[in-house]
Q: 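One structure, pasted below without further comment.
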Amino acid sequence: MDWNSDDDDENTSWDTEEEQEERRRVDGPASIGGPSRSVYEAGTSRPGLVCHFLGMGFPEEIVLRAVRKHGEDTDAILDTLIKYADNEKSPSEHENSPNHCSLASETESLDENFSDMDDFVYEELTEDISEKDKIVSTLVDMGFLAEEASAAIDRCGLDASLLELADSIEAAQMAEEFDDHQWYPKPSSVEDEGYAYRSRKEKRKRTSEMERCKKRSRLYNGRKESTRRGTMSIDDDDVPSLSLPNPMVGFGLPFERARVTERKLPDAAIGPPYFYYENVALAPKGAWDTISRFLYDIEPEFVDSKFFSAAARKRGYVHNLPIVNRFPLLPIPPKTIQEAFPATKYYWPKWDARTQLNCLQTCVASAQTTERIRKALSNCGEPPPHQIQEYVLTQCRKWNLIWVGRHKVATLEPDEFESLLGFPKNHTRGGGINRTDRYKSLGNSFQIDTVAFHLSVLKDRYPNGMNVLSLFSGIGGAEVALHRLGIRLNTVVAVEISEVNRNIVRSWWEQTKQTGNLIDFTDIEELSGDQLEHLISTYGRFDLIIGGSPCNNLTGSNRHTRDGLGGKQSSLFYDYFRILDLVKCIMGKNS
DNA sequence: TGAAAGATGAATGGTCAG
DNA sequence: CTGACCATTCATCTTTCA
């Protein structure tokens, strides 16, 4: 896999001084001036040099000219190439778009203008303009902006295929989108619970970290070799290419022949570490296209938990796990309301045809709602008039009400939520959490049986246990799923903003007599490369990075701020990606 | 002051008749 | 293929009450 290969690590010269300083801090004293410089100095053959710089993404003709001029003086070649690349971007682009293809990234240290550039570059570039215009025209016909097309040609060279150019444009768009969402002020107020960045310095630090990873995972290798869905599926938020499967069964269900038995993951997606990302399936248009693009172009696996339990839960999962030889958790949970709650059978009216519940959400109906239903049914004969039936059924479906007496419906209790979701009884009970927050935490959680089915392939692969980085860990759905699979948890680093949720996981950890380490972090935005490096050096490499980022701004239930991935909470998806890519960088470097 | 209750639609996708 | 109709949705904000 090339993202962690040796020649992936010598690219520090891309970085500005600030980035290099950051890298030195992350790398620690042992690696100061180490691998990066030595690789450059070791590259003594010219073809090797050319390949080396081509691999960084510079246009071939520029590389050839630079090598011709400077021989084997790698520093001089690189300096020239950086100047070239830097001057290809306008000052405004430098400031506003730390694009991973911008090559020179953080710009303060390189402020020479075009007139300072080596003359040969400027003169010889002009020869190619007419040819370039033709290609630009073709790309414009394909629906790209001329400006984007021009920039892509400059990055990839005139010899690049249209597919490569389209790929490059898409990568640039993605980085820009990322920048829009992540590195500039999110739509938040001053007292927004810490979602906004704390300081300019911190922002620069994060940008610096991110810049490195974007370069690695996008420009250097991943993109061009990624398995795309063809040239006509150039993703555009207006034209989402991902559609939800019907039935929503993912790659296959337990006890049936797998619908998908093998899949080709893009090189950049292949672990270690394994990762598993979750969010609501019914997100605004384009959201899953963006998620998939960021997560190495992996096709999401959309699964409705109604095939695993008595309640629906339509979710999308992006992961790089194997998909053969999955097995379900035992015992197999009931899949109908009547099996899950046998006592309801006696009172269940024939005209209520429900056999399964809708999605368990974060709120339940009020007592007034169930009382209104009781009164409505009590005041009419048997069976009730059609209108009454429709009213009652609508309310029952909306609020997931079950029949607990004659004319009497009720909300699900928190422990019934726990049971339906696959958690142990009383998992969220006690420890200072109130009823409202129990519903909220449970409504935001994994369905254990569904997730465990996907994770089951890890059991044989990790007979000695796993190190897990659990992001947005909530009430510990990932940990419970792995534990129920019988996978030993050696070290779990859990990142969760809510104190009561952290306490729930801590309590479960102690109750189940876990022998590994449980390490808490509060704020994913505060989790830095330094800390990850320290964790990995202390506890070993992460085997699995798992988490579902907030759905608040994606779910249809949200009437107020369904803002998509740019929303205040849901934009934390980009932190999931940031952490994932950082861990891949660190683990790749240490391998 | 904290917990619970009550009011608040729209976006999205599926189905089906024409 | 298109449009009408229908069902579903990891929620938020304000008010009420103990």
Q: Between A:T369 and A:G556, who's closer to the 5' end of DNA chain B by nearest nucleotide?
A: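 Nearest nucleotide further toward 5': that of A:T369.
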Q: Between A:S557 and C:dT9, is there a side-chain N or O to OP1/OP2 distance below 4.0 Å?
A: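 For C:dT9, neither OP1 nor OP2 has a side-chain N or O of A:S557 closer than 4.0 Å.
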Q: Between A:T561 and A:L357, just flag the one whose closest nucleotide in DNA chain C comes earlier from the 5' side.
A: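 Per heavy-atom nearest nucleotide, the more 5' residue is A:L357.
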Q: Tell me which nucleotide among B:dG13, B:dT12, C:dT9 gets nearest to the side chain of A:L244.
A: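 Comparing B:dG13, B:dT12, C:dT9 against the side chain of A:L244, the answer is B:dG13.
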Q: Nearest of C:dT9, B:dT12, B:dA4 to any side-chain atom of A:N358?
A: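 Of all the options, the side chain of A:N358 is nearest to C:dT9.
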Q: Which listed nucleotide (B:dT12, C:dT9, B:dA4) is nearest to the side chain of A:K285?
A: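 Of B:dT12, C:dT9, B:dA4, B:dT12 is nearest to the side chain of A:K285.
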Q: Do the side-chain N or O atoms of A:T436 get closer than 4.0 angstrom to the phosphate oxygens (OP1, OP2) of B:dA3?
A: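 So the side chain of A:T436 is outside the cut-off, no N or O lying under 4.0 Å from OP1 or OP2 of B:dA3.
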Q: Would you say a side-chain N or O of A:N552 is under 4.0 Å from OP1 or OP2 of C:dC10?
A: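 False: A:N552 side-chain N/O out of range (4.0 Å or more) of C:dC10 OP1/OP2.
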Q: Can you check whether A:S305 reaches A:Q356 side chain to side chain, under 4.5 Å on heavy atoms?
A: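 Result no, sub-4.5 Å side-chain heavy-atom pair not found.
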Q: Is any side-chain N of the basic residue among A:E479 and A:R488 closer than 4.0 Å to the acidic one's carboxylate O?
A: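 No, A:E479 and A:R488 are not salt-bridged.
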Q: Whole Å only: how far is the CH2 atom of A:W288 from the C1' atom of B:dA11?
A: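 My rounded result for the distance is 17 Å.
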Q: Which label fits A:Y276 and A:H454: parallel for a plane angle under 30°, tilted from 30 to 60°, or perpendicular past 60°?
A: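 Because their plane-to-plane angle lies in the 30° to 60° range, the rings of A:Y276 and A:H454 count as tilted.
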Q: Return no unless some side-chain N or O of A:K398 is found under 4.0 Å from OP1 or OP2 of C:dT9.
A: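 No.
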Q: For A:T555 and C:dC10, is the shortest distance between a side-chain N/O and OP1 or OP2 below 4.0 Å?
A: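 For A:T555, the contact criterion (side-chain N or O under 4.0 Å from OP1 or OP2 of C:dC10) is met.
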Q: Measure from NZ on A:K306 to C1' on C:dA7 and round the result to the nearest Å.
A: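 These atoms are roughly 12 Å apart.
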Q: Figure out the CE/P separation between A:M248 and C:dC10, and round it to whole Å.
A: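 Between P of C:dC10 and CE of A:M248: 10 Å.
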Q: Rounded to whole Å, how long is the line connecting atom NE2 of A:H560 with atom C1' of C:dT14?
A: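 Spelled out: NE2 on A:H560 to C1' on C:dT14 is 9 Å.
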Q: Of the listed nucleotides (C:dT12, B:dA11, B:dT8), which one gets closest to any side-chain atom of A:R562?
A: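 Looking only at heavy atoms from C-beta outward on A:R562, the closest nucleotide is B:dA11.
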Q: Tell me: CD of A:Q447 to P of C:dC10, nearest whole Å?
A: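 One finds 14 Å between P of C:dC10 and CD of A:Q447, rounded.
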Q: Name the pairing partner of B:dT1, where a pair is Watson-Crick or G-U wobble with both distances under 3.5 Å, or state none.
A: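 By the stated definition (distances under 3.5 Å), C:dA18 pairs with B:dT1.
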Q: For A:N558 and C:dT8, give me the distance from atom CG to atom C1', rounded to whole Å.
A: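 Rounded to the whole Å, the gap is 15 Å.
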Q: If you look at every strand shown and take non-hydrogen atoms under 4.0 Å, does A:S549 touch a base, only sugar-phosphate, or nothing?
A: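 Base, at least one base atom sits under 4.0 Å.
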Q: Would you say A:Q361 reaches C:dA11's phosphate, i.e. side-chain N/O to OP1/OP2 under 4.0 Å?
A: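 Looking at the OP1 and OP2 atoms of C:dA11, one of them is under 4.0 Å from a side-chain N or O of A:Q361.
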Q: Does this structure show an ion pair linking A:K440 with A:D437, if we count only N-O contacts that are shorter than 4.0 Å?
A: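 Salt bridge between A:K440 and A:D437, a charged N being under 4.0 Å from a carboxylate O: no.
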Q: So what's C:dC10 paired with, Watson-Crick or G-U wobble, going by both distances under 3.5 Å?
A: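 Partner of C:dC10: none found under 3.5 Å.
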Q: Please state how far atom CZ in A:R438 lies from atom C1' in C:dC10, giving the value in whole angstrom units.
A: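 Distance, rounded to whole Å: 17 Å.
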Q: For a quick check of understanding: with a heavy-atom distance under 4.0 Å over all strands, which category does A:C551 fall into, base, sugar-phosphate or nothing?
A: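 If one applies the 4.0 Å heavy-atom cut-off, A:C551 turns out to touch a base.
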Q: Select one nucleotide: of B:dA4, C:dA7, C:dC10, the one nearest the side-chain heavy atoms of A:R435.
A: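 Nearest listed nucleotide: B:dA4.
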Q: Could you tell me the separation between the CD atom of A:E390 and the P atom of C:dC5, rounded to a whole number of Å?
A: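 So the CD-P distance, A:E390 to C:dC5, works out to 16 Å.
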Q: So which nucleotide from B:dG14, B:dA3, C:dT9 ends up closest to the side chain of A:N434?
A: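 Nearest to the side-chain atoms of A:N434, counting from C-beta on, is B:dA3.
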Q: So, are A:R435 and A:E413 salt-bridged, with charged N and O less than 4.0 Å apart?
A: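 Salt bridge: yes.
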Q: For B:dT15, take OP1 and OP2 only and decide whether either is under 4.0 Å from a side-chain N or O of A:N246.
A: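 Yes, such a contact exists.
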Q: With a non-hydrogen cut-off below 4.0 angstrom, is A:S366 in contact with a base, only sugar-phosphate, or nothing?
A: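 Touches sugar-phosphate only.
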Q: Closer than 4.0 angstrom, basic N to acidic O: yes or no for A:E418 and A:R438?
A: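 Salt bridge flag = yes for A:R438 with A:E418.
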Q: Could you give the distance separating B:dA7 and C:dC10 at their P atoms, to the nearest angstrom?
A: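 My reading of the P atoms in C:dC10 and B:dA7 gives 23 Å.
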Q: Looking at residues at least two apart in the chain, or sitting in another chain, which of them share a side-chain contact (heavy atoms from CB on, under 4.5 Å) with A:E371?
A: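 A:E371 satisfies side-chain contact (heavy atoms from CB on, under 4.5 Å) with A:R374, A:K375 once adjacent residues are dropped.
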Q: Out of C:dT8, C:dT12, B:dA4, which has the shortest distance to the side chain of A:R397?
A: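 The listed nucleotide nearest to A:R397's side chain is C:dT8.
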Q: Can you tell me how far P in B:dT8 sits from the matching atom in C:dT9, rounded to whole Å?
A: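 Straight-line distance between the two P atoms is 22 Å.
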Q: Is the shortest side-chain N/O distance from A:R313 to OP1 or OP2 of C:dC10 below 4.0 Å?
A: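 Checking A:R313 against C:dC10: no side-chain N or O falls below 4.0 Å of OP1 or OP2.
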Q: Should the side chain of A:R559 and the base of C:dC13 be counted as holding a donor-acceptor pair, with the cut-off at 3.5 Å?
A: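 It does not, because no donor-acceptor pair links the side chain of A:R559 to the base of C:dC13 below 3.5 Å.
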Q: Can you identify which nucleotide, out of B:dA5, C:dC10, B:dA7, has its nearest atom closest to the A:R372 side chain?
A: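 For A:R372, the side-chain atoms sit closest to B:dA7.
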Q: Using a heavy-atom cut-off of 4.0 Å across all strands, would you classify A:K440 as base, sugar-phosphate, or nothing?
A: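 No contact.
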Q: Is A:R313 salt-bridged to A:D304, cutoff N-O under 4.0 Å?
A: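 A:D304 and A:R313: not salt-bridged.
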